[in-house]
Asker: 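First the structure, then my questions, so here it is.
All figures in this text were calculated on a predicted structure; none of them were measured in a lab. Per chain, numbering begins at 1; letters A, B, ... match sequence-line order. Values reported hereafter were calculated over all heavy atoms of this structure, with side chains retained and with hydrogens, waters and symmetry mates removed.
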Number of protein chains: 2
Amino acid sequence: MEERRAEEQPRRRSDGERTHAAILDTAMRLASVEGLGSLTIGRLAKELGVSKSGVFAHFRSKERLQLETLAAAGEVFEREVLEPGLKAAPGLARLQALCEAHLSYIQRGVFPGGCFFAQVLAEYDAVSGPIHDEVADGQGGWFGLLEQEARTAQQAGELAAGVDPVQLVFELAAPVELANYLSVLNRDPRFVERGRRAVRERLAQAATSPA
Amino acid sequence: MEERRAEEQPRRRSDGERTHAAILDTAMRLASVEGLGSLTIGRLAKELGVSKSGVFAHFRSKERLQLETLAAAGEVFEREVLEPGLKAAPGLARLQALCEAHLSYIQRGVFPGGCFFAQVLAEYDAVSGPIHDEVADGQGGWFGLLEQEARTAQQAGELAAGVDPVQLVFELAAPVELANYLSVLNRDPRFVERGRRAVRERLAQAATSPA
DNA sequence: CCTACCGATCGGTAGG
DNA sequence: CCTACCGATCGGTAGG
């Protein structure tokens, strides 16, 4: 028997699921600014106007809250960076599109504190534990994807034979990363433009024909 | 009347000054790993085997402790990066030496969590206040120094006339920054080598004669 | 989802 | 530098 839900469409998700998602949404915004370690259950509760144990019940430990927040930010990254970037054709075009999507996501201020993963990377790079490991995995996956596109580009003759794909990806990701930190630090989007220029010039230099 | 101090040389500094310096030393190490915001007076006290108020008395507020820790880290940076880098002749040689000194300081693990300023940059880029402002000033000063050397190099004909000194410094600093984060994240010094290679190649490309 | 509570720790103060 | 203390907040639990 089908239930009639015409008037209730926005409620296909249960209230509990919607609250859960709302908590994670606030948690992502807070953590992008102040860090995942500064997230506190009480602070989130106040921000959302619910009781502390009301928030706690959704996660059962602070670490699970942190890990779920990280996973939720991963979904945002996929939607805002991977999805638009992957629309480009494999190879050089896609490599450039992924870098540009990353820069655009920084420039648009998808997270108020800049790139969520740049924040937690710096925060957990020297701290062992499950968050460190998740961040390292995510970072490795992102670079791996870029390297794959660089190899595809090279096999297609779009990149010079002498180019090292791993080194190239390092040199493309570096200005994007710095653009994020400096644009947030100085509240100046011109740093994103510097990153964009660096990426374009590095790609043009590695390409077999002028871009 | 001169006091005889032959046996007491290491005590030219008073006990209070030595304790103060010892607290800051521990604070720098802790903050480079866990962040300046995670510094707590109680934690420092335990680490040093003194009472909480014993530590507190040296700084009178947490913010002063943080700002003094930041200033102490600045002195380390001057000693470990600026001083060796500035020994090189002004211009291209010095620009390269400053980048190399920065990479070496990362690779040597002067701070256990990697570059102290990379840590606090990411931590405070989106958080307003005196720490943010100090970090922004320090970052601006460092880039300004590098840009000055780039201009000197260009005026001396060591860099091509078409090179934008500000953009060049951005593109030199970016791989150093990423090298820091990735070498710490993956506990793998080969990322420092990637940064070094990127800096060398970028400088060689900007130079008027092959390096 | 709530109130009420636990022990631990926070930054900071008083008084010595 | 110490002990002793303050109110606030932490993560988490009990019981509903």
Asker: Tell me, which of residues 24-32 of chain A have any heavy atom that sits under 4.0 Å from an atom in DNA chain D?
Answerer: none
Asker: Can you measure A:Leu48 atom CG to C:dC2 atom C1' for me and round it to whole angstrom units?
Answerer: 16 Å
Asker: Quick check: do B:Thr19 and B:Val50 have side-chain heavy atoms less than 4.5 Å from each other?
Answerer: no
Asker: How many Å lie between CZ on A:Phe59 and P on D:dT13, as a whole number?
Answerer: 16 Å
Asker: Taking atom types as modelled and ignoring hydrogens, do the side chains of A:Glu68 and A:His58 form a donor-acceptor contact shorter than 3.5 angstrom?
Answerer: no
Asker: Round to a whole Å and report the spacing from CZ of B:Arg64 to C1' of C:dG11.
Answerer: 15 Å
Asker: State plainly whether the residues A:Glu47 and A:Arg29 are in salt-bridge range, i.e. N to O under 4.0 Å.
Answerer: no
Asker: Is A:Gln96 close to A:Val199 at the side-chain level, that is, under 4.5 Å between some pair of heavy atoms?
Answerer: no
Asker: Check nucleotides 4-10 of chain D for protein N or O atoms closer than 3.5 Å to its own N or O atoms and list the pairs.
Answerer:
{"unit_1": "D:dC10", "atom_1": "OP1", "unit_2": "A:Thr40", "atom_2": "OG1", "d": "2.8"}

Asker: State whether the number of non-hydrogen atoms from other residues, nucleotides or ligands found under 6.0 Å of B:Arg187 atom CZ is greater than 12.
Answerer: yes
Asker: So do A:His102 and A:Trp142 actually touch side chain to side chain, heavy atoms under 4.5 Å?
Answerer: yes
Asker: Please determine which of B:Arg197, B:Arg196, B:Arg190 meets the salt bridge (Lys or Arg N to Asp or Glu O under 4.0 Å) test together with B:Glu193.
Answerer: B:Arg196
Asker: Anything under 30° is parallel, anything over 60° is perpendicular, the rest tilted; go ahead and classify A:Tyr105 against A:Phe77.
Answerer: perpendicular
Asker: Could you tell me if A:Gln167 and A:Glu171 have a donor-acceptor pair between their side chains, going purely by distance under 3.5 Å?
Answerer: yes
Asker: Return the value, rounded to whole Å, for the distance between atom CZ of B:Arg60 and atom C1' of C:dA14.
Answerer: 16 Å
Asker: Is there side-chain contact between A:Val110 and A:Val81, with at least one heavy-atom pair below 4.5 Å?
Answerer: no
Asker: Hey, does the side chain of B:Ser51 come within less than 4.0 Å of D:dC1's phosphate (OP1/OP2), counting only N and O?
Answerer: no
Asker: With a non-hydrogen cut-off below 4.0 angstrom, is B:His58 in contact with a base, only sugar-phosphate, or nothing?
Answerer: sugar-phosphate
Asker: Give the dot-bracket string for DNA chain D, reading 5' to 3', where a pair is Watson-Crick or G-U wobble with both distances under 3.5 Å, ( ) marks pairs inside the strand, [ ] marks pairs crossing earlier ones, | marks a partner on another strand, and . marks unpaired.
Answerer: ||||||||||||||||
Asker: Determine whether B:Gln139 and A:Asn186 make a side-chain contact, defined as any pair of heavy atoms from C-beta on separated by less than 4.5 Å.
Answerer: yes
